[in-house]
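Right, one structure below, let's go through it.
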Amino acid sequence: WANPAERARAGHAREVALTSHKDLRVSVADNGRGIPIGRTKIADGRTIPTIQASLTEMFTGGKYAADTEGSESAYSGGSGGMNGMGLKAVTYTSSIVEVDVRRDGKRYTQRYTNGKKGTKNDVLTIEKEQIEPYKEKDTGTKITFRYDDSIFDADAEIDGGRIKRKCYNLSRLVPGLKITFVDERSKEKEVFLSEKGLSDFVKDLNEGESILFKDIVRVDVERKVEDANGQPIGIRIEAAFQPIAAETVEERGLAFTNLVHNPEMGTHVSGFRKGLTRALNAHFKTQKLLKDADSGFEGSDVTGSGLAYVVSLRAPANAVQYESQTKKCLTSAWADGAIANITAEVVKDWLNDHANQAKQWFAYLTEVRKAREAMMAERKAVKAKVGGGAGLDPLISKLARETTRNPDRAEIYFVEGDSAGGNAKKARDRAFQAILPFRGKMLNVMGALSGKRDAAKRLEARKKVIENEDV
């Protein structure tokens, strides 16, 4: 249902309705303009109805309007899809798909069913297609599907909780969009609507927390920047954040690219962190709260000390890159610098206009910094003790520790040599990534007996790092 949300963000739909039916069908409807009803030229040279192309043919849809008669690409600059695959995947993995489009005074309906194996219609059959006059003024698209038991487990269930989380996210990413979810099995109905968008997101994140100040800081900028090839592209970066007086050092942020959640963050978040940290340090030095020679606060002090934030990037689909098709992490290099500059500019102005809040934040960050430095000094002492005693490898003292104390989130990377270690430390996210350089090939573990392997000092050193949380 990201497609209706993209239409809404472009100003062409204000309501989305999702229904999970008792018979495991799912319906998604919006009051947008309706899928274009022209014709589209596909890869083999044929021209077919656009509705059919949108549901069955790769590289077709709103993002690929050039070959589509009557298609609009108003929201193509920020589509979450990369190859027009999502809707096609639903079509080909469903036993039944029904499409109902109301547009231009007509109603277009199609019904798709999977063909029988061993025939020329092995994958898909258009069972029914109908066009009739439609006198009502409302427009929009409704798609109903039922997953195919031959592909999914026959006892599979529709995850209502996951659907509701998605509805919640989209309602805050697209303020003013009303999303109604009805679960016929549990007889639940829930409406998701936000007028303040990302600010409501942050308010919910900080519910029950002790906030430093009531203001939620906003970044909302549209700008032309250069992509990886040096070509100008239009982007929109939105962010909202609010610090709390936290007792933990956990990062509390969410990231999205073109309405898609990026649970492992990415370059848009690293840019946001850099820009925010840069603006804070510059302001504190200007106000003589920090000395010019002082290195200032680190990014982990700022975002890893209870800051609740949400970052949402909108950019052309062909300009964004992810670590995989799952889009868990944004890897577009251009986003880091561009978003850092934009964030720094906006936060600088906000700090100048909110002197009291800036002083409150400085006082809190000073305590966070003291705690970090004390913890690092303690770790250094422990590492020196461990590395210098008990006959263990001194290289443990080279461990660059992450700041989080949550073992479920922490990662450690073993790299070969100090040179690789230095590069890894620069590239890592110190909030949860630790780096330990080591030298050369430790032991041929494939040929060594288990006892010899366990006794190897350098392996024992690494075992110590993993098992001892004080290191």
Side-chain angles (χ1 to χ4, degrees), residues 1-6 15-30 35 51-52 54-58 61 80-101 109-129 140-171 173 178-192 254 256 259-264 322-329 408-409:
W1 52 91
N3 289 336
E6 289 175 354
E15 295 185 13
V16 177
L18 291 95
T19 304
S20 179
H21 299 281
K22 292 181 179 179
D23 59 0
L24 298 181
R25 290 179 303 122
V26 175
S27 297
V28 183
D30 68 58
I35 296 176
I51 297 176
Q52 179 184 349
S54 297
L55 270 72
T56 64
E57 296 292 329
M58 285 284 287
M82 298 292 288
N83 300 303
M85 187 61 207
L87 187 54
K88 288 80 173 174
V90 171
T91 303
Y92 282 97
T93 58
S94 298
S95 56
I96 296 175
V97 176
E98 297 173 331
V99 188
D100 186 334
V101 176
T109 58
Q110 289 182 342
R111 177 183 172 93
Y112 297 80
T113 58
N114 283 0
K116 296 180 180 179
K117 292 184 180 298
T119 71
K120 64 180 181 180
N121 294 325
D122 184 40
V123 180
L124 190 71
T125 300
I126 301 179
E127 183 181 273
K128 184 179 180 181
E129 184 174 28
T141 302
K142 179 179 180 180
I143 295 178
T144 302
F145 62 94
R146 204 280 189 192
Y147 68 82
D148 189 344
D149 290 337
S150 68
I151 298 176
F152 299 94
D153 293 336
D155 58 351
E157 293 288 335
I158 304 299
D159 190 343
R162 187 173 181 179
I163 292 176
K164 286 193 284 187
R165 287 194 297 274
K166 181 80 170 182
C167 291
Y168 171 88
N169 288 350
L170 290 177
S171 69
L173 292 169
K178 179 182 178 181
I179 305 177
T180 303
F181 174 59
V182 176
D183 191 332
E184 292 183 349
R185 293 166 298 165
S186 63
K187 297 182 179 180
E188 289 183 273
K189 179 180 179 180
E190 193 164 349
V191 177
F192 301 85
L254 293 168
F256 300 86
L259 303 182
V260 176
H261 182 210
N262 311 126
E264 296 179 7
Y322 302 96
E323 48 79 35
S324 70
Q325 182 63 29
T326 60
K327 305 182 179 71
K328 289 184 178 180
C329 178
D408 293 332
R409 189 163 184 266

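Fair warning: this is a prediction, and the values are worked out from it, not measured in the lab.
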Student check: side-chain heavy atoms of [X] and [Y] closer than 4.5 Å:
{"X": "L170", "Y": "F192", "answer": "no"}
{"X": "I143", "Y": "L87", "answer": "yes"}
{"X": "L24", "Y": "E157", "answer": "yes"}
{"X": "V26", "Y": "L18", "answer": "no"}
{"X": "Q52", "Y": "Y112", "answer": "yes"}
{"X": "T56", "Y": "Y92", "answer": "yes"}
{"X": "E98", "Y": "T109", "answer": "no"}

Hey, could you give me the [atom1]/[atom2] distance between [X] and [Y], rounded to the nearest 0.5 Å?
{"X": "T91", "Y": "I96", "atom1": "OG1", "atom2": "CD1", "value": "13.0 Å"}
{"X": "I179", "Y": "K166", "atom1": "CD1", "atom2": "NZ", "value": "9.5 Å"}
{"X": "D100", "Y": "Q110", "atom1": "CG", "atom2": "CD", "value": "11.0 Å"}
{"X": "T19", "Y": "I163", "atom1": "OG1", "atom2": "CD1", "value": "10.0 Å"}

Which heavy atom of [X] sits nearest to which heavy atom of [Y], and what is that distance?
{"X": "I35", "Y": "S54", "answer": "CG2-OG, 4.0 Å"}
{"X": "R185", "Y": "K22", "answer": "CG-CA, 3.9 Å"}
{"X": "D153", "Y": "Y147", "answer": "O-CE1, 3.7 Å"}
{"X": "T144", "Y": "S27", "answer": "OG1-OG, 2.9 Å"}
{"X": "V97", "Y": "V90", "answer": "CG2-O, 4.3 Å"}
{"X": "K189", "Y": "V182", "answer": "CG-CG2, 3.9 Å"}

side-chain hydrogen bond (donor to acceptor under 3.5 Å, both in side chains) against [X], all qualifying residues, sequence neighbours excluded:
{"X": "D23", "value": "R25"}
{"X": "D149", "value": "R146"}
{"X": "E184", "value": "H21"}

request  = Walk me through it: do E15 and T180 pass the test side chain to side chain contact (heavy atoms under 4.5 Å, CB included)?
outcome  = CA-CA 8 Å; E15 295 185 13; T180 303; over 6 Å; no
key: side chain to side chain contact (heavy atoms under 4.5 Å, CB included) assessment of D148 paired with T93   = CA-CA 6 Å; D148 189 344; T93 58; 5.6 Å; no
